[in-house]
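Along the sequence shown, the residues carry numbers beginning at 1.
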Amino acid sequence: MVKKAWVIYNGHLLSNKFLEFAEWIKHAASRHEIDTRIIKNNNLLSYLSAEQNTVLTQLNGERPDFVVFADKDIQLARQIEAMGIPVFNSSQTIDICDNKISTYQQLAKQQLPIPKSIISPKIFPGVDEIDLASFQNVNDYLDFPVVIKEAYGSYGEQVYLVKTQADLLEKISLLKDRPFVIQEFIESSYGKDIRLNVVGDRVVAAMLRYEENDFRSNLASGKSRAYQPTEQEKQLAIAATKAVGADFAGIDLLLGEKGPIVCEVNSNALVHKTYHCTGVDVTQHIIDYIVKKGLYK
């Protein structure tokens, strides 16, 4: 029997990057004769009642054997899982990786090396003035400059280098109710990091990313080259992937003076730049992994 798959991406994004990723996944699945549909998340409405727990589609009740979820619509991913359909990555993994605070908590739980971090307190919307007293002693734990990362953000956006205590308090006042984390600045990795693509228990591709005019390496203007990771870097990337429960992930490592440090874990890592840099099509490895492991029903 021919297996069926869905690749779900966000239908309201202006960029075509996630649609292109979906198309690559479909091509990779065709090598295994898997009938694959590419579907916008907004074309799948979750429907709940006492009698049904399903998604509304125009596909006459068609159900896939598995779903590759190239989006962050966590509620939709959970709905599909509730129907008994395997989702890659899982809704739980996407949820963890979408929130940098949750990501660092999972990594710290596994005692993996991360930048020293201080998590912001919960602030509800509508607060006009932030109580800054609790941030007055940040420099007792972290040396300036420090990095502020909003919990939600991609492509190096919502990440700020803060050089003084006064600048820190000013930035926190501007962020207001947006959750964030304050981290030590890894100066030895200024403007560069390593992106490792992990699938299952293997690092399948790696590149060094660098930016000449910014402390962040993952900007659109940044450059990259193929990279041969050390065994320590490989094992850390695999451990970080497992820490968040991912089947595949893009792991960003900082170049610490005493060894690699996990910067971020991306459950929806785009792979086009990796392919153009390394010649490795990560989507082929993702589908091969799902098929060989027999992870679908």
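- Side-chain atoms of Gln165 come within 3.5 Å of backbone N or O of Gln136 as a donor-acceptor pair.
- When side chains are defined from C-beta on, Lys242 does not count as touching Gln110, because their heavy atoms never get closer than 4.5 Å.
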message: Under the criterion side chain to side chain contact (heavy atoms under 4.5 Å, CB included), I'd like the reasoning laid out for Ser173 against Glu170: C-alpha separation, chi angles, the key distance, then a yes or no.
response: CA-CA 5 Å; Ser173 296; Glu170 180 181 2; 5.7 Å; no

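- Note that CG of Asp131 is 11.0 Å distant from CD1 of Ile172, once rounded to the nearest 0.5 Å.
- Residues Phe248 and Val282 form no side-chain contact, since every pair of their non-hydrogen atoms from C-beta on lies 4.5 Å or further apart.
- Formation of a donor-acceptor pair under 3.5 Å by the Ser189 side chain with backbone atoms of Leu255 is found in this model.
- Summarising the geometry of Asn197 relative to Thr274, their closest heavy-atom pair is OD1-OG1, 3.3 Å, with the distance given to 0.1 Å.
- Between Asp65 and Lys4 there is no salt bridge, since none of the side-chain N atoms of the basic residue sits less than 4.0 Å from a carboxylate O of the acidic one.
- For Asp177, the CG atom counts as densely surrounded, since its 6.0 Å shell holds more than 12 non-hydrogen atoms of other residues, nucleotides or ligands.
- Side chain of Thr36 to backbone of Ile34: a donor-acceptor contact under 3.5 angstrom is found.
- There is a path of hydrophobic side-chain contacts, each under 4.5 Å, that joins Val7 to Leu270.
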task: Just do the side chain to side chain contact (heavy atoms under 4.5 Å, CB included) check on Asn99 and Tyr152 with the steps written out, would you?
output: CA-CA 6 Å; Asn99 184 328; Tyr152 301 97; 3.2 Å; yes

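- Checked against ring-ring contact (aromatic ring centres under 6.0 Å, His included), His272 has the following partners two or more places apart in sequence or in another chain: Trp24.
- Note: the hydrophobic cluster containing Leu19 also contains Ile287 (ILVMFWY, side chain heavy atoms under 4.5 Å, direct or indirect links).
- Rounding to the nearest 0.5 Å gives a distance of 5.0 Å between CD1 of Ile290 and CZ of Phe66.
- Side-chain contact between Ile119 and Gln105 is present, with heavy atoms from C-beta onward closer than 4.5 Å.
- Screening Asp73, Asp71, Asn42 against Asn10 for a side-chain hydrogen bond (donor to acceptor under 3.5 Å, both in side chains) leaves a single residue, Asp71.
- Expressed to the nearest 0.5 Å, how far CG of Asn53 lies from CD of Glu51 amounts to 11.5 Å.
- Note that NZ of Lys72 and CG of Asp98 are 4.5 Å apart. Values are rounded to the nearest 0.5 Å.
- Taken together through direct or relayed side-chain contacts under 4.5 Å among Ile, Leu, Val, Met, Phe, Trp and Tyr, Phe144 and Val147 form parts of separate hydrophobic clusters.
- At a cut-off of 3.5 Å, with distance as the only test, no side-chain donor of Asn41 or Tyr9 sits close to an acceptor on the other residue.
- The hydrophobic clustering, which links ILVMFWY residues whose side-chain heavy atoms are closer than 4.5 Å, places Val181 and Val262 together.
- Other residues, nucleotides and ligands contribute over 12 non-hydrogen atoms within 6.0 Å of the CG atom of Asp140.
- One distance of note links OH of Tyr227 with CE of Met207; it measures 13.5 Å at 0.5 Å rounding.
- Checked against Gln235 for a side-chain hydrogen bond (donor to acceptor under 3.5 Å, both in side chains), the options Glu231, Gln232, Glu233 give a single hit: Glu231.
- Side chain to side chain, Ser117 and Gln183 meet the donor-acceptor criterion of an N or O pair below 3.5 Å.
- Within 6.0 Å of CZ on Phe135 lie more than 12 heavy atoms contributed by other residues, nucleotides or ligands.
- Here the side chain of Glu184 pairs a donor or acceptor atom with the backbone of Lys116 at under 3.5 angstrom.
- Scanning all heavy atoms of the two residues, the minimum distance from Val203 to Ala237 falls at CG2-CB, 4.3 Å.
- Inter-residue side-chain proximity for His285 and Arg202 is flagged as met; some heavy-atom pair is nearer than 4.5 Å.
- Minimum interatomic distance between Thr278 and Ala206 (heavy atoms only, all atoms of both residues): CG2-O, 3.4 Å.
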Pair Leu253-Ile261, side chain to side chain contact (heavy atoms under 4.5 Å, CB included): steps then yes or no: CA-CA 5 Å; Leu253 300 183; Ile261 298 169; over 6 Å; no

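- Grouping the Ile, Leu, Val, Met, Phe, Trp and Tyr side chains by contacts below 4.5 angstrom, directly or via other members, places Val291 with Val271.
- Judged by distance alone, the side chain of Thr93 and the main-chain N or O of Gly245 form a donor-acceptor pair under 3.5 Å.
- The two residues Ile85 and Arg63 come nearest to each other via the heavy atoms CG1-NH2, 3.5 Å.
- Looking at Gln75 and Ser46, their side chains never come closer than 4.5 Å, going by heavy atoms from C-beta outward.
- To the nearest 0.5 Å, atom CG of residue Leu236 and atom OG1 of residue Thr241 are 9.0 Å apart.
- Among the candidates Leu175, Leu168, Asp167, the single residue satisfying the side-chain contact (heavy atoms from CB on, under 4.5 Å) test with Lys171 is Leu175.
- Contact check for Ile8 versus Ile80: side-chain heavy atoms found under the 4.5 Å cut-off.
- Taking the side chain as every heavy atom from C-beta outward, Pro260 and Ile194 never approach each other to under 4.5 Å.
- Put simply, the side chain of Asp247 never gets that close to the backbone of Asn89: no donor and acceptor are under 3.5 Å apart.
- Put simply, the side chain of Glu62 reaches to within 4.5 Å of the side chain of Trp6, judged on heavy atoms.
- Across Lys100, Arg209, Lys192, a single residue satisfies salt bridge (charged side-chain N to carboxylate O under 4.0 Å, His left out) together with Asp252, and that is Arg209.
- Judged purely by atom type and a 3.5 angstrom limit, Gln79 uses its side chain to pair as donor or acceptor with the backbone of Thr54.
- Proximity of a side-chain donor or acceptor of Lys176 to a complementary backbone N or O of Asp128 within less than 3.5 Å is detected.
- Side-chain N or O atoms of Tyr104 include one that pairs as donor or acceptor with a backbone N or O of Cys263 at under 3.5 Å.
- The closest donor-acceptor contact from the side chain of Glu81 to the backbone of Ser91 lies under 3.5 Å.
- Tyr160 and Phe215 get closest at one heavy-atom pair: C-CZ, 3.8 Å.
- Taking both residues in full, the closest heavy atoms of Arg195 and Ala269 are given as NH1-CB, 3.8 Å, listed atom of the first, atom of the second, then distance.
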- request: Output, in order, the C-alpha distance, side-chain angles, deciding distance and verdict of side chain to side chain contact (heavy atoms under 4.5 Å, CB included) for Lys26 and Thr283.
  value: CA-CA 9 Å; Lys26 180 175 181 177; Thr283 62; over 6 Å; no

